[in-house]
**Student:** 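Have a look at this one before I ask anything.
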Amino acid sequence: MGSFDRALSIVLEHEGGDKFTDDPLDGGGATRFGISQVAHPTVDVRNLTREGAAEIYKQEYWGRLHCAELPAPVALMLFDSGVNQGCKPAVRFLQKATGAVVDGDMGPRTIAAVYKHPVSRIIRKFSEERIAHYLALGSFRTFGRGWLNRALDVAITATEWDCEDE
């Protein structure tokens, strides 16, 4: 299984899988596979397939974030955070974790900065940034426990992947 497929399975698990939801507290509206109707008005979210969701994730997140150019554990962290918190914030977390210029743009300098640090350090620092972001959100009281559980699970999974690569 490739890095994208491995990471996608983790993301989809946290996004509720193929369960269709329409939580009035979720500003994304109707959602399936974590793909919201608000963010994707031309997609028939109710009838979205896993393959259709995978294509959206690959194009809008994995590709946009250059995850294929990163070590798999770092790609997982960035991809999951991009899906959950947005691409710009996720890139800023990575830039802070690696000492790169913090501009929210994923480019060659940020990618190069990743390779200057041990993956375990990036996972730790990225997680710190991600959690601090969650804690600052007004909706933390409603969704915070789930967000923290997600961040912890993804960090642990990324660490396990890093250990496999040693």
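These values consider heavy atoms only, across backbone and side chains, with no hydrogens, waters or symmetry-generated copies.
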**Student:** Quick one: do His66 and Ile111 satisfy side chain to side chain contact (heavy atoms under 4.5 Å, CB included)? Show the steps, please.
**Tutor:** CA-CA 8 Å; His66 300 271; Ile111 294 167; 3.9 Å; yes

**Student:** Hydrophobic clustering (ILVMFWY, side-chain heavy atoms < 4.5 Å, transitive) - are Val102 and Leu65 grouped together?
**Tutor:** no

**Student:** Decide, yes or no, whether a salt bridge links Arg109 with Asp103 under the criterion of side-chain N to carboxylate O below 4.0 Å.
**Tutor:** no

**Student:** To the nearest 0.5 Å, what is the distance between CZ on Phe4 and CZ on Phe79?
**Tutor:**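 Spacing of CZ (Phe4) from CZ (Phe79) equals 5.0 Å.
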
**Student:** What is the minimum heavy-atom distance between Cys67 and Leu78, and which atoms define it?
**Tutor:** SG-CD2, 4.3 Å

**Student:** Can you give me the closest heavy-atom contact between Ala158 and Pro73, atom names plus distance?
**Tutor:**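 Taking Ala158 first and Pro73 second, the nearest heavy atoms are O-CB, 3.3 Å.
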
**Student:** Taking all heavy atoms of Ile56 and all of His40, pick out the closest pair and write down the distance.
**Tutor:** CG2-NE2, 3.6 Å

**Student:** Does Gln37 use its side chain to pair, donor to acceptor, with the backbone of Asp44 at less than 3.5 Å?
**Tutor:**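 Pair absent, no side-chain N/O of Gln37 close to backbone of Asp44.
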
**Student:** Looking at Val45 and Ile35, what are the two nearest heavy atoms and their distance?
**Tutor:** CG1-O, 3.4 Å

**Student:** Would Ser3 and Trp62 satisfy side chain to side chain contact (heavy atoms under 4.5 Å, CB included), going step by step from the backbone distance to the final call?
**Tutor:** CA-CA 10 Å; Ser3 293; Trp62 188 264; 4.0 Å; yes

**Student:** For Thr98, is there any backbone N or O sitting under 3.5 Å from a side-chain donor or acceptor partner on His117?
**Tutor:** yes

**Student:** Go through the steps to decide whether Arg150 and Arg130 satisfy the test side chain to side chain contact (heavy atoms under 4.5 Å, CB included), and finish with yes or no.
**Tutor:** CA-CA 11 Å; Arg150 179 179 186 151; Arg130 186 174 189 181; 3.8 Å; yes

**Student:** Set out, in order, the CA-CA distance, both residues' side-chain angles and the distance that settles side chain to side chain contact (heavy atoms under 4.5 Å, CB included) for Met106 and Leu94, then state yes or no.
**Tutor:** CA-CA 9 Å; Met106 190 64 182; Leu94 181 61; 3.8 Å; yes

**Student:** If you compare all heavy atoms of Ile123 against all heavy atoms of Ala155, which two are closest, and at what distance to 0.1 Å?
**Tutor:**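 It is CG2-O, 3.8 Å.
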
**Student:** Mind telling me whether Trp147 and Tyr134 have parallel, tilted or perpendicular rings, with 30° and 60° as the class edges?
**Tutor:**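 Answer is parallel, since the angle falls under 30°.
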
**Student:** Nearest heavy-atom pair of Arg121 and Ala97: which atoms, and what distance?
**Tutor:** NH1-O, 2.6 Å

**Student:** Nearest 0.5 Å, what's the OG1-CZ distance between Thr159 and Arg124?
**Tutor:** 10.5 Å

**Student:** What distance separates Phe33 CZ from Thr49 OG1, expressed to the nearest 0.5 Å?
**Tutor:** 6.5 Å

**Student:** Quick one: OH on Tyr61 to CG on Leu8, what's the gap to the nearest 0.5 Å?
**Tutor:** 12.0 Å

**Student:** Is the number of heavy atoms from other residues, nucleotides or ligands within 6.0 Å of CZ (Arg46) greater than 12?
**Tutor:**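 No, CZ of Arg46 has 12 or fewer neighbouring heavy atoms, counting only those of other groups under 6.0 Å.
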
**Student:** State whether Asp105 and Lys88 are salt-bridged, where the test is any N-O pair (Lys NZ or Arg NE/NH1/NH2 against Asp/Glu carboxylate O) under 4.0 Å.
**Tutor:** yes

**Student:** Shared ILVMFWY cluster between Val91 and Tyr115, side chains joined below 4.5 angstrom?
**Tutor:** yes

**Student:** Between Glu51 and Lys58, does any NZ, NE, NH1 or NH2 come within less than 4.0 Å of an OD or OE carboxylate oxygen?
**Tutor:**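 Answer for the salt bridge query: no.
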
**Student:** Looking at Thr110 and Pro108, would you say the former's side chain and the latter's main chain have a donor-acceptor pair under 3.5 Å?
**Tutor:** no

**Student:** Quiz question: by atom type and distance under 3.5 Å, do the side chains of His14 and Asn84 form a donor-acceptor pair?
**Tutor:**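 There is no such pair (donor and acceptor under 3.5 Å, judged by atom type) between the side chains of His14 and Asn84.
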
